[in-house]
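See structure below.
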2 protein chains.
Amino acid sequence: MIDPSADRAVFRQLADLLRSQIETGDLAPGEPLPSERRLAQEHGISRTTVRQAIGQLRTEGLVTVDRPRGTFVRVPEPMEIVTLARGEKAGARMPTDAERRTHRLGEGVPVLVVTAADGTVTVHPADRVQLARP
Amino acid sequence: MIDPSADRAVFRQLADLLRSQIETGDLAPGEPLPSERRLAQEHGISRTTVRQAIGQLRTEGLVTVDRPRGTFVRVPEPMEIVTLARGEKAGARMPTDAERRTHRLGEGVPVLVVTAADGTVTVHPADRVQLARP
DNA sequence: GAAAATTTGTCCGTATGTATA
DNA sequence: ATATACATACGGACAAATTTT
């Protein structure tokens, strides 16, 4: 239940609720969330607040939005292995807006950044690539 | 200049503007951004829209918010090297809400997830850890 | 110390646009 | 053509914490 008088913000309470439903499989991968209007009516809150909650889950990479079909639980991508060559270093960060578009990255998906000894940088979507030693 | 009639959403235009000021060093690390009200007045847009733009930069990990002092350009952390042992694989994802709290992670900071051959998983903040071969 | 101003956080309501079913 | 659903943008209001007066 969502309690407006609680300490935790309403939109966080709703995000927590949906997140736990995703984690328990109550909302399975590929399944749609209830529409924003549905959620707003069911919980007696405004659509703006619902959007804040869903926005939270989007930045966490838990859901994707297919506009205007709806919002869906993210389906895991098949993983590809990229080997880390000698002298290379790897880190991770969030992509810029431009990188998101060029690499067709979903929201809430970081990138793996591999830097070679000569400074060459390659970027991999972290939802499809894992690093390993050769 | 921000053009409300342009194809790109106003809040994205403002995010682009601020991002480029950060990239060029016009807004240096540790420096505060203008307040939300300032930005709204200067560009003739609503505070809601300004908050959307800043929210974008927060998810990209470019700025941090110290409420209610202001919003600041993120200061890079000193990097630590973690070696990837034989048989280990590494990936990256956004942290859960709980991980964010326990690791004191800022917004927009992914985690590096290292999985050993026996299934043991270790999590590292991506703003402070880079991976390398031994 | 006290009061006022500032700044971000949260929440609501409304309106319009755009793509899909 | 109608209805649905998400995206964008505006406005207002109050709370909480900090800084300034």
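Since we're looking at a predicted model, the values are computed, not measured. In what follows, chains are A, B, ... by sequence order, proteins preceding strands, each numbered from 1.
- Atom C1' of nucleotide C:dT14 and atom CZ of A:Arg37 are separated by 15 Å, given to the nearest angstrom.
- Counting to the nearest Å, the C1' atom of D:dT4 and the CG atom of A:Leu39 are 15 Å from each other.
- Listed candidates were D:dC6, D:dA9, C:dT8. Nearest to the side chain of A:Val65 is D:dC6.
- Within a 6.0 Å sphere centred on CZ of A:Arg8, heavy atoms belonging to other residues, nucleotides or ligands number more than 12.
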Below 3.5 Å is the cut-off: list the nitrogen or oxygen pairs between protein and nucleotides 16-20 of chain C, distance only.
from	atom 1	to	atom 2	distance (Å)
C:dG17	N2	A:Arg67	NH2	3.1

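- Taking atom CZ on B:Phe72 and atom C1' on D:dT18, their separation rounds to 11 Å, with Å as the unit.
- Considering only side-chain atoms of A:Arg51, the nucleotide from D:dA9, C:dC12, D:dA7 that sits closest is D:dA7.
- At a threshold of 4.5 Å between non-hydrogen side-chain atoms, the residues B:Val114 and B:Lys89 do not count as touching.
- For B:Arg38 and C:dT8, the CZ to C1' distance is 16 Å, given to the nearest whole Å.
- Straight-line distance from the CD atom of A:Gln41 to the P atom of D:dT4: 11 Å, rounded to whole Å.
- Remark: B:Arg51 engages B:Glu36 in a salt bridge, criterion side-chain N to carboxylate O under 4.0 Å.
- Just one of A:Thr64, A:Leu62, A:Val65 meets the side-chain contact (heavy atoms from CB on, under 4.5 Å) condition when paired with A:Leu57; it is A:Leu62.
- At the heavy-atom level, A:Arg8 lies nowhere under 4.0 Å from the strands shown.
- When rounded to the nearest whole Å, the span between CG of B:Asp3 and P of D:dT8 equals 16 Å.
- For the pair A:Gln52 CD and C:dC11 P, the computed distance is 6 Å after rounding to whole Å.
- For the pair B:Leu33 and A:Ile45, both in contact range of DNA chain C, the more 5′-proximal nearest nucleotide belongs to B:Leu33.
- A straight line from CD of B:Glu36 to C1' of D:dC10 spans 15 Å, rounded to a whole angstrom.
- None of A:Arg12, A:Gln13, A:Arg19 except one satisfies the side-chain hydrogen bond (donor to acceptor under 3.5 Å, both in side chains) rule with A:Asp16; the exception is A:Arg19.
- Side-chain heavy atoms closer than 4.5 Å link hydrophobic residues (I, L, V, M, F, W, Y) into clusters, and following such links, possibly through other members, connects A:Val82 to B:Val82.
- Nucleic acid contact class of A:Arg58 (heavy atoms, under 4.0 Å, all strands): sugar-phosphate only.
- Across all strands, A:Thr48 comes closer than 4.0 Å to base atoms (heavy-atom distances).
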